[in-house]
Visitor: 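Before I ask anything, here is the structure I am working with.
Throughout, a chain's letter reflects where its sequence line sits, starting with A, and its residues are numbered from 1. Keep in mind that this is a model prediction, so the values were computed, not measured.
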Amino acid sequence: MNDATPRDFIRQIIHNDLESGKHTSIVTRFPPEPNGYLHIGHVMSICLNFGVAEETGGRTFLRFDDTNPGKEREEYVRAIERDVRWLGFDWSDRLTHASDYFDALYAYAEQLIEQGVAYVDSLSADEIRALRGTLTEAGTDSPYRDRTVAENLELFRRMRAGEFADGEHVLRAKIDMASPNINLRDPALYRIRHIAHQRTGDKWCIYPMYDFAHTISDALEHITHSLCTLEFEDHRPLYDWLLDQLKPEHRPRQIEFSRLNLAYAITSKRKLNALVDDGVVSGWDDPRMPTIAGLRRRGYPASALREFVKRGGVTKKDKLIEMAVLENCIREELDFSAPRRMAVLQPLKVVLSNYPEGQVEMMPASNHPNRPELGTREVPFSRELYIEQEDFMEDAPKKFFRLKPGGEVRLRNGYIIRCEDVIRNEAGAVIELRCSYDPDTRSGTGSSDRKVKGTIHWVSAAHALPAEVRLYDRLFTVADPNAADDFMAVLNPDSLASVQAMLEPSLGKLGDGEAVQFERLGYFCMDSVDHSAKRPVFNRIVTLRDSWAKIEQQAIAQHG
RNA sequence: UGGGGCGUGGCCAAGUGGUAAGGCAUCGGGUUUUGAUCCCGUGUACCGCAGGUUCGAAUCCUGCCGCCCCAGCCA
């Protein structure tokens, strides 16, 4: 559409098809099998299919590829619909199922039989496998390959009528058992499955295979460009063969692209399942999961996910995108949209010895330093406060710009304070700081422009809202857990940490799904599952970029 | 030693014969009551390798190497 729209090879093809008049409008489809939850990899496919249509004024179908009853559930259908909608896409009335076409599919199967290019094979699955040959050796024709059209038709109709048990017969395309492409060695088109389908019930006991159902569904929906991932490249000759034989009115074109892989994440359904079953995570929507449900619960904005996919590009090259790209997209969006708040994750009590007991000042605080239009709110300030344990250090290195004994620091939106005394418990641990404040340095007044090196955040102890805050890290310790021998062995034991934090009181009025920045800490949102007013639970969406952490690391590396 | 794909700086990615965009990351610096944001600057990219065609090649040709996918009555 505009100059910023990336022109990947698929959009180029589509652009050319529109220019040449081959198509007047574009129709795509996103065709998940409802047998699990959608994940970050699907986000790309969704954005591509819906995006390409949107950009050209075309249409997109959300089609459930439900050709394998027993593995598919309505629960997944609803979850998928929700995920796609949440991502910001609309299929309008174009919500379909492969099962909507079972009658048509059956008729096309009979057509193939009548054309003499499909036959009923009565070999067992094992026998068929044995005759298929190998990657380097041609297969062998089935002894049933030359049945007459009449015989095939009768058998196929009896298959449909339920006269045979599962596995007794199978309908196969008659192509070429010696083809170097194994998908062309007489692929199965229909198999017998005496099992109720979630939508068609007991109407059918034979079900079409993916290649057959998908090709015809595409044609029936007048799909112009059928976009799928690279592993289906070898299926394209079969896709085209079916179209050549059946000659439907509309002929779709399949185009393949590489899937998006995110570093430190897995997308294998089996492995994701294992994480849930073994209790490694709390469920499919655990905020550490790469599922759309997990990403949403974590607090990642849909717009940031769309941007992430856009930056990844559309190519045919295997890719493993760094987490930093995703995190940058999240931060970019949230930096703009998230109001600022203060919260202390690891509270350390500070008593201001010279601040009047019982006094409370309401300190105005900007909701967004770069967007004054977002206004201000008032934060209570009093004699006893909490600051971050990390913001105090006894033997601080010279570059430590926070609080140290005898040192000064500014309290964000408050006063400059000086650390006068350190209180310890019997074990010698610091449990409290006695500080003095400089009344002249209140933010925005008097000599408040007096400079000190550091500014730290705080919360008034008497007004603080206690809350559980969950801190997340990557689920795996290696960039490519898929390549690990045992992905369970490379789990990050510290992927979840929970702390009892103290929040500024205004956070009690946060709306569902709203993200805020806890200044100096990161972006946070309420947990959509466990949060309640009585027992607040927050998730850290992502940290802020932290150049201090790098300096610290380097110092440790240099000086041991 | 079958077939199908893919190889441009750490990770992505433009480039479609005329002399290598951009983003992320990195490393410097500036601004800053978030060590955030923002703003500057920062890479000699043997364009997988080797030949060839051409005045000229990442782009064309040949050979080689590496990686990915395929032997479900899964999708």
Visitor: On a whole-Å scale, what distance lies between the P atoms belonging to B/G51 and B/A57?
Guide: 14 Å

Visitor: What nucleotide, of B/U34, B/A25, B/A14, holds the atom closest to the side chain of A/Thr315?
Guide: B/A14

Visitor: If I take atom OH in residue A/Tyr119 and atom P in nucleotide B/C73, what distance separates them, rounded to the nearest angstrom?
Guide: 11 Å

Visitor: Determine the Euclidean distance between corresponding C1' atoms of B/C70 and B/A45; express it in Å to zero decimal places.
Guide: 34 Å

Visitor: Got a donor-acceptor pair under 3.5 Å from the side chain of A/Glu322 to the base of B/G10?
Guide: yes

Visitor: With rounding to the closest Å, how many angstrom separate the C1' atoms on B/G9 and B/A21?
Guide: 14 Å

Visitor: Which whole-number value in Å describes the distance from A/Arg129 CZ to B/C70 P?
Guide: 16 Å

Visitor: Would you say the side chain of A/Gln517 and the base of B/U37 hold a donor-acceptor pair, judged only by whether the two atoms sit under 3.5 Å apart?
Guide: no

Visitor: By centroid distance (under 5.5 Å) and plane angle (under 30°), are A/Trp548 and B/G35 in a stacked arrangement?
Guide: yes

Visitor: Does the side chain of A/Lys319 get closer than 4.0 angstrom to OP1 or OP2 of B/C6 through an N or O atom?
Guide: no

Visitor: With heavy atoms under 4.0 Å as the rule, sort A/Pro237 into base, sugar-phosphate or nothing.
Guide: nothing

Visitor: Would you say a side-chain N or O of A/Lys317 is under 4.0 Å from OP1 or OP2 of B/U8?
Guide: yes

Visitor: Regarding A/Asn413, tell me which of base, sugar-phosphate or nothing describes its non-hydrogen contacts under 4.0 Å with the strands shown.
Guide: base

Visitor: Hey, does A/Gln254 have a side-chain heavy atom less than 4.5 Å from the side chain of A/Cys228?
Guide: yes

Visitor: Could you state the atom-to-atom distance from CD of A/Glu231 to P of B/A71 in whole Å?
Guide: 11 Å

Visitor: At under 4.0 Å between heavy atoms, what does A/Leu123 touch on the DNA or RNA strands: base, sugar-phosphate, or nothing?
Guide: base

Visitor: Expressed as a whole number of Å, how far does the P atom of B/U8 sit from that of B/A14?
Guide: 11 Å

Visitor: What does the 5'-to-3' dot-bracket notation of RNA chain B look like when only Watson-Crick and G-U wobble pairs under 3.5 Å count, and pairs to other strands show as |?
Guide: .(((((((.[[[..)..(...]]]..((((.......))))......[[[[[..)....]]]]])))))).....

Visitor: Counting just side-chain N and O atoms, does A/Gln12 come under 4.0 Å of either OP1 or OP2 of B/G15?
Guide: yes

Visitor: What's A/Ser258 touching, base or sugar-phosphate or nothing? Going by heavy atoms closer than 4.0 Å.
Guide: nothing

Visitor: Is the phosphate of B/G35, meaning OP1 or OP2, less than 4.0 Å from a side-chain N or O of A/Arg520?
Guide: yes

Visitor: What nucleotide among B/C27, B/G3, B/A36 has an atom nearest to a side-chain atom of A/Pro369?
Guide: B/A36

Visitor: Suppose you measure atom P in B/G10 against the same atom in B/G3; what distance do you get, rounded to whole Å?
Guide: 33 Å

Visitor: Regarding A/Phe400, tell me which of base, sugar-phosphate or nothing describes its non-hydrogen contacts under 4.0 Å with the strands shown.
Guide: base

Visitor: Is there a side-chain polar atom (N or O) of A/Arg7 under 4.0 Å from OP1 or OP2 of B/G22?
Guide: no

Visitor: Reckon A/Asn370 touches a base, only the sugar-phosphate, or nothing at all at heavy-atom distances under 4.0 Å?
Guide: base

Visitor: Is the distance between the ring centroids of A/Phe476 and A/Tyr264 under 6.0 Å?
Guide: no

Visitor: In whole Å, what separates the C1' atom of B/C64 from that of B/G72?
Guide: 36 Å

Visitor: Could you check which of B/G3, B/C73, B/C24 has an atom nearest any side-chain atom of A/Ala188?
Guide: B/C73

Visitor: Are A/Phe64 and A/Glu81 close enough that some pair of their side-chain heavy atoms sits under 4.5 Å apart?
Guide: yes

Visitor: Looking at every non-hydrogen atom in both residues, tell me the closest pair between A/Met363 and A/Gly414 and how far apart they are.
Guide: CE-CA, 3.6 Å

Visitor: For A/Phe232, which contact category applies under a 4.0 Å heavy-atom criterion: base, sugar-phosphate, or nothing?
Guide: base

Visitor: Would you call A/Glu552-A/Lys399 a salt bridge at under 4.0 Å N-O?
Guide: no

Visitor: Please report the distance, rounded to the nearest Å, between NZ in A/Lys451 and P in B/U32.
Guide: 6 Å

Visitor: Above 12 or not: heavy atoms from other molecules or residues under 6.0 Å from NZ of A/Lys453?
Guide: no

Visitor: Is there a side-chain contact between A/Phe518 and A/Leu503, using heavy atoms and a 4.5 Å cut-off?
Guide: yes

Visitor: Determine the Euclidean distance between corresponding P atoms of B/C46 and B/U37; express it in Å to zero decimal places.
Guide: 31 Å

Visitor: Counting only side-chain N and O atoms of A/Arg311, is one of them less than 4.0 Å from OP1 or OP2 of B/G22?
Guide: no

Visitor: In whole Å, I'd like the distance from the CG atom of A/Asn181 to the P atom of B/G5.
Guide: 10 Å

Visitor: Would a 4.5 Å heavy-atom cut-off, applied to side chains only, mark A/Ser226 and A/Arg29 as touching?
Guide: yes

Visitor: Using a cut-off of 4.0 Å on non-hydrogen atoms, how would the nucleic acid contact of A/Arg236 be classed: base, sugar-phosphate, or nothing?
Guide: nothing

Visitor: Would you say B/U32 has OP1 or OP2 under 4.0 Å from some side-chain N or O of A/Thr455?
Guide: no

Visitor: With heavy atoms under 4.0 Å as the rule, sort A/Ile551 into base, sugar-phosphate or nothing.
Guide: nothing

Visitor: A/Met209 near the nucleic acid: base, sugar-phosphate alone, or nothing, with a heavy-atom cut-off under 4.0 Å?
Guide: sugar-phosphate

Visitor: What contact category does A/Glu72 fall into here, base, sugar-phosphate, or nothing, at under 4.0 angstrom with non-hydrogen atoms?
Guide: nothing

Visitor: When the P atoms of B/G22 and B/U16 are considered, how many whole Å apart are they?
Guide: 16 Å

Visitor: For the backbone of A/Lys319 and the side chain of A/Asn261, can you confirm whether one donor and one acceptor N or O come within less than 3.5 Å of each other?
Guide: yes

Visitor: So what does A/Thr134 touch, heavy atoms closer than 4.0 Å: a base, only the sugar-phosphate, or nothing?
Guide: base

Visitor: From CG of A/Asp121 over to C1' of B/G72, roughly how many Å is that when rounded to an integer?
Guide: 15 Å

Visitor: Write down the distance between CD1 (A/Ile192) and P (B/G72), rounded to a whole number of angstrom.
Guide: 19 Å

Visitor: So, does the side chain of A/His457 form a donor-acceptor pair with the base of B/A36 at under 3.5 Å?
Guide: no

Visitor: Among B/G72, B/A75, B/C12, find the nucleotide with the atom closest to the side chain of A/Ile321.
Guide: B/C12

Visitor: Give the minimum heavy-atom separation between A/Gln346 and A/Glu388, together with the two atoms involved.
Guide: N-OE2, 2.5 Å

Visitor: For B/C74 and A/Arg193 - does any side-chain N or O of the residue sit under 4.0 Å from the phosphate oxygens OP1/OP2?
Guide: yes

